[in-house]
Amino acid sequence: MEKDGHRAIVFTASGPGGTVVVQTRRGALVQDRWPDLVAAAEAQLPQGLVLDGELVVWDTKAGRLSFEALQRRAATRARGALALAVKWPAYFVAFDLFAVAAPLGSERS
């Protein structure tokens with residue numbers, strides 16, 4: 001199934017107090033545009049992961065993925081990102097696991 005998304009790499013924090021980083025395939029750091037995705041990664045993923053995948057945005061009114069909403073979210077800086085995250089939630093569809101710091105399934109600290 002083809003997604004209407006943008007390719008990205010997600011780096012989870014490497015240790016306590018670290019931050020989640022979202023990087024485009026061109027190397028730009030864009031985690032400020034995806035606060036909902038960063039919060040989900042911090043809450044749900046173990047530390048030390050490097051994931052390759054696709055950012056997609058769900059249009060709740062239309063009930064489908066929206067490339068237009070994705071483009072608007074990608075172009076918005078941190079100040080407007082929270083409002084757009086409520087309107088158009090972002091999701092990360094992982095294709096590959098590039099690195100893992102601890103055995104998967106081990107307990108998070």
Side-chain angles (χ1 to χ4, degrees):
M1 175 181 190
E2 187 174 317
K3 305 280 186 250
D4 285 331
H6 285 179
R7 196 73 179 263
I9 299 173
V10 172
F11 300 81
T12 62
S14 58
T19 59
V20 171
V21 174
V22 181
Q23 179 180 331
T24 69
R25 65 180 173 179
R26 293 184 178 174
L29 300 180
V30 294
Q31 60 274 5
D32 62 329
R33 300 170 193 181
W34 310 99
D36 49 340
L37 180 70
V38 169
E42 288 173 343
Q44 299 173 24
L45 297 175
Q47 296 174 352
L49 293 181
V50 180
L51 300 164
D52 181 26
E54 188 117 349
L55 292 165
V56 295
V57 171
W58 188 257
D59 184 333
T60 54
K61 287 185 180 181
R64 62 176 173 75
L65 296 176
S66 173
F67 189 70
E68 178 184 341
L70 175 81
Q71 289 179 312
R72 293 217 25 219
R73 291 234 14 218
T76 301
R77 299 292 176 180
R79 204 166 98 188
L82 283 173
L84 289 182
V86 171
K87 184 175 182 179
W88 295 312
Y91 299 89
F92 183 75
V93 180
F95 302 141
D96 256 328
L97 173 63
F98 287 158
V100 61
L104 292 177
S106 65
E107 195 165 338
R108 287 182 69 173
S109 54

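Note that the structure is predicted; figures quoted are calculated from it, not measured.
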_side chain to side chain contact (heavy atoms under 4.5 Å, CB included) between Leu97 and Leu49, worked out_ = CA-CA 7 Å; Leu97 173 63; Leu49 293 181; 3.7 Å; yes
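- For Ser66 (side chain) and Trp58 (main-chain N/O), no donor-acceptor pair under 3.5 Å exists by modelled atom type.
- Atom CG of Leu70 and atom NE2 of His6 lie 4.0 Å apart (nearest 0.5 Å).
- The minimum heavy-atom distance linking Val22 with Ala8 is given by the pair CG1-CB, 4.2 Å.
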*asked:* Applying side chain to side chain contact (heavy atoms under 4.5 Å, CB included) to Leu45 and Leu51, what does each step give before you reach the verdict?
replied: CA-CA 11 Å; Leu45 297 175; Leu51 300 164; 3.8 Å; yes
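- Arg7 meets the salt bridge (Lys or Arg N to Asp or Glu O under 4.0 Å) test with Asp52; sequence neighbours excluded.
- Of all non-hydrogen atoms in Pro35 and Ala81, the two that sit nearest each other are CD-CB, 3.7 Å.
- Looking at residues two or more places apart in sequence or on another chain, you find a side chain to side chain contact (heavy atoms under 4.5 Å, CB included) between Ala40 and Gln44.
- Other residues, nucleotides and ligands contribute at most 12 non-hydrogen atoms within 6.0 Å of the CD atom of Glu68.
- No side-chain donor-acceptor contact under 3.5 Å links Thr76 to the backbone of Gly80.
- Pairs engaging residues 70-86 under the salt bridge (Lys or Arg N to Asp or Glu O under 4.0 Å) rule: Asp36-Arg73 [sequence neighbours left out].
- Here Val50 sits in one hydrophobic cluster together with Ile9, Phe11, Val21, Leu29, Phe98; the rule is ILVMFWY side chains under 4.5 Å apart, joined directly or through other members.
- Applying the side chain to side chain contact (heavy atoms under 4.5 Å, CB included) rule to Ala62 yields the partners Asp59, Arg64; only residues at least two apart in sequence or on another chain are considered.
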Show every donor-acceptor pair shorter than 3.5 Å between a side-chain atom in residues 83-95 and any protein atom, with sequence neighbours excluded, or say none if there are none.
none

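- Scanning all heavy atoms of the two residues, the minimum distance from Val57 to Ala69 falls at CG1-CB, 3.7 Å.
- One finds the CG atom of Leu55 at 11.0 Å from the CZ atom of Arg33 (value rounded to the nearest 0.5 Å).
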